[in-house]
Trainee: 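Please read through the structure below; I'll follow up with questions.
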Number of protein chains: 2
Amino acid sequence: MQVIFEKTGLKPGSIYLAFGNKEGLFKESLNYYAQQSISKATSLMEGADSIGESICLILAGFVDDAFQKDYCSCFLVKSQLELSGTPDLQAHAIGHLRDIEGVYAHFLEREYSTEEAKIKATSLMMHIFGIRVYGYHQTTKAQMLASLKLGLPWLPWDTLPQVALLESVQ
Amino acid sequence: MQVIFEKTGLKPGSIYLAFGNKEGLFKESLNYYAQQSISKATSLMEGADSIGESICLILAGFVDDAFQKDYCSCFLVKSQLELSGTPDLQAHAIGHLRDIEGVYAHFLEREYSTEEAKIKATSLMMHIFGIRVYGYHQTTKAQMLASLKLGLPWLPWDTLPQVALLESVQ
DNA sequence: AATTTAGTTGAATGATTGTTCAAATTTTGC
DNA sequence: GCAAAATTTGAACAATCATTCAACTAAATT
């Protein structure tokens with residue numbers, strides 16, 4: 001809260017009037033972040049010819065994130081892990097992550113059976129979580145991408161415009 | 001610290017004499033947890049005929065963990081993500097995780113080239129991180145295992161004694 | 001048994017935390 | 001232009017936090 005007072009320049013009273021308490025502000029932030037994430041992914045997959053290709057682009061973007069300075073993983077993932085002591089908020093974060101998995105599963109159903117789409121979405125989420133944690137290790141983009149190709153061999157990595165991947169190689 | 005005073009029954013002075021300060025205690029805990037993790041994995045792979053099979057067993061164990069009550073993911077993973085504000089401790093956690101990746105890479109070199117072993121170890125770590133995060137979502141063991149099979153197809157899932165996997169299916 | 005070392009106690013300290021509220025200010029609706 | 005509603009302010013409060021320390025007890029050494 002103290003950091004937020006500083007960064008926003010607002011006084012405690014204003015923020016407490018708007019959000020009630022710390023948990024309220026946190027929950028609202030989680031909602032905003034989740035909505036933002038979902039609409040970003042959705043709009044990328046909606047307009048694409050190939051779901052697979054847009055997923056590759058999304059993943060390449062996550063890899064890029066990891067090499068930005070002040071990388072801070074993913075708000076939802078971090079919250080889910082940190083909030084063991086606050087089951088209410090943790091459930092909120094988990095719910096959003098499951099929604100995101102649902103979005104991927106939904107779009108994958110265009111190209112696979114319901115069963116296949118579901119299991120592929122889970123594998124996808126595992127890799128996303130993997131990137132979000134492994135990102136801090138600061139190895140190389142090439143290594144992370146190679147590992148993604150190995151773990152997600154059903155994605156059309158090679159039909160991607162090479163620039164998209166090359167520009168991801170530091 | 002307060003919780004530790006309660007749970008151990010020790011008074012502040014005793015703990016501060018032994019560990020210096022909160023960071024010291026935390027660092028020592030990370031070291032202990034990491035050493036424990038590494039020796040558990042190492043001893044499993046050392047005595048095994050097939051590295052692949054022992055890795056499958058390790059992963060199945062991680063999946064089991066996720067369905068234990070009071071599941072709390074992995075101390076190193078959680079610490080790495082939480083300690084953005086304490087670069088010193090975060091680097092410590094990251095170092096341990098990279099050590100663990102090194103152990104897997106080392107054993108995989110028995111069956112693959114150095115290059116192959118390295119990239120497979122990275123993919124393995126991504127899946128482990130994935131399990132550690134996804135574990136909170138409480139779907140089903142079957143779904144998590146199926147997703148692991150999909151993402152790690154180079155592991156000998158089918159040569160595993162069926163009991164080991166069956167007993168993992170809730 | 002005497003002396004040094006190691007470990008524990010219990011209370012206290014100062015800093016930081018989340019939170020509240022009456023008064024002042026700005027914005028809105030008529 | 002005015003009254004009502006909405007926001008902001010600034011100072012304060014109470015709780016919690018990590019940490020310290022002199023006094024006390026137990027263990028080890030000679």
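Residue numbers begin at 1 in each chain, while the letters A, B, ... track the order of the sequences.
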Trainee: Considering every strand and a 4.0 Å limit on heavy-atom distances, what is the contact class for Phe5(A): base, sugar-phosphate, or nothing?
Mentor: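 Result for Phe5(A) = base.
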Trainee: Check the distance between dA15(D)'s C1' and Lys22(A)'s NZ and give it to me in whole angstrom.
Mentor: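 Taking NZ of Lys22(A) and C1' of dA15(D), I get 13 Å after rounding.
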Trainee: Are the side chain of Gln138(A) and the backbone N or O of Ala66(A) linked by a donor-acceptor pair below 3.5 Å?
Mentor: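 Checked: pair present.
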Trainee: Could you provide the dot-bracket string of DNA chain D, using ( ) for intrastrand pairs, [ ] for crossing pairs and | for bases paired to another strand, with Watson-Crick or G-U pairs below 3.5 Å?
Mentor: .|.|||||||||||||.|||||||||||||
Trainee: Where each residue is assigned the nucleotide of DNA chain C containing its nearest heavy atom, which of Lys11(B) and Asn21(A) is assigned the position nearer the 5′ end?
Mentor: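 The 5'-side residue here is Lys11(B).
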Trainee: With a cut-off of less than 4.0 Å, is there a side-chain N or O of Gln2(B) near OP1 or OP2 of dT16(D)?
Mentor: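 No, outside the criterion.
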Trainee: Taking Trp154(A) for its side chain and Leu150(B) for its backbone only, find out whether a donor-acceptor pair lies under 3.5 Å.
Mentor: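 No.
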Trainee: Counting only heavy atoms not in Lys78(B), do more than 12 fall under 6.0 Å of its NZ?
Mentor: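 Yes, because the 6.0 Å sphere around NZ of Lys78(B) holds more than 12 heavy atoms from other groups.
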Trainee: Within the distance-only criterion (no hydrogens, no angle test), does the side chain of Ser123(A) pair as donor or acceptor with the backbone N or O of Ile119(A) below 3.5 angstrom?
Mentor: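 Answer holds: no.
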Trainee: dT19(D) phosphate, OP1 or OP2: any side-chain N/O from Tyr16(B) under 4.0 angstrom?
Mentor: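 Checking Tyr16(B) against dT19(D): at least one side-chain N or O falls below 4.0 Å of OP1 or OP2.
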Trainee: Please answer whether the main-chain N or O of Met125(A) pairs with a side-chain N or O of Glu101(A) as donor and acceptor at a distance below 3.5 Å.
Mentor: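 No: the side chain of Glu101(A) does not pair with the backbone of Met125(A).
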Trainee: In whole Å, what is the span from the CD1 atom of Ile4(B) to the P atom of dC17(D)?
Mentor: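 Result: 12 Å.
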Trainee: What is the 5' to 3' range of DNA chain C, first to last nucleotide, that sits under 4.0 Å from any heavy atom of chain A?
Mentor: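 Contacts span dT17(C) to dC21(C), reading 5' to 3'.
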Trainee: More than 12 non-hydrogen atoms from neighbouring residues, nucleotides or ligands closer than 6.0 Å to NE2 on His137(B), yes or no?
Mentor: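 Enclosed.
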Trainee: Who clusters with Val3(B)? Use side-chain heavy atoms, under 4.5 angstrom, across I, L, V, M, F, W and Y, and order the result by chain and number.
Mentor: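 Besides Val3(B), the hydrophobic cluster comprises nothing; the residue is isolated.
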Trainee: What's the separation between atom CD in Gln80(A) and atom CG in Leu30(A), rounded to the nearest 0.5 Å?
Mentor: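 Reported value, rounded in 0.5 Å steps: 11.0 Å.
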Trainee: Measure the distance from CZ on Phe26(B) to P on dA18(D) and round it to the nearest whole Å.
Mentor: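 For the pair Phe26(B) CZ and dA18(D) P, the rounded distance is 12 Å.
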Trainee: Where along residues 80-93 of chain B does a heavy atom come under 4.0 Å from DNA chain D, residue by residue in number order?
Mentor: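 Close to the strand, none.
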Trainee: Can we call the ring centroids of Tyr134(A) and Phe62(A) under 6.0 Å apart?
Mentor: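 That pair fails the under 6.0 Å test.
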Trainee: Output the rounded distance in Å from CG (Leu17(A)) to P (dG10(D)).
Mentor: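 Checked: the CG to P distance equals 17 Å.
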Trainee: For atom CG of Asp49(B), decide whether the heavy atoms of other residues, nucleotides or ligands shown that lie under 6.0 angstrom number more than 12.
Mentor: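 No, the 6.0 Å shell around CG holds no more than 12 heavy atoms from other groups.
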Trainee: More than 12 foreign heavy atoms under 6.0 Å from OH of Tyr32(A): is that the case here?
Mentor: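 Counting neighbours around OH of Tyr32(A), 12 or fewer heavy atoms of other residues, nucleotides or ligands fall under 6.0 Å, so no.
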Trainee: Are Phe129(B) and Cys74(B) side-chain neighbours, meaning at least one heavy-atom pair lies under 4.5 Å?
Mentor: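 Phe129(B) does not reach Cys74(B) side chain to side chain.
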Trainee: Please list, one pair per line, the donor and acceptor atoms closer than 3.5 Å that link side chains of residues 15-25 of chain B to other protein atoms, with sequence neighbours excluded.
Mentor:
{"residue": "Asn21(B)", "atom": "OD1", "partner": "Glu23(B)", "partner atom": "N", "Å": "3.4"}
{"residue": "Asn21(B)", "atom": "OD1", "partner": "Gly24(B)", "partner atom": "N", "Å": "2.9"}

Trainee: Strictly under 4.0 angstrom, non-hydrogen atoms only: write out the protein contact profile of nucleotides 21-27 of chain D, one letter per nucleotide from the 5' end, B, S or -.
Mentor: B------
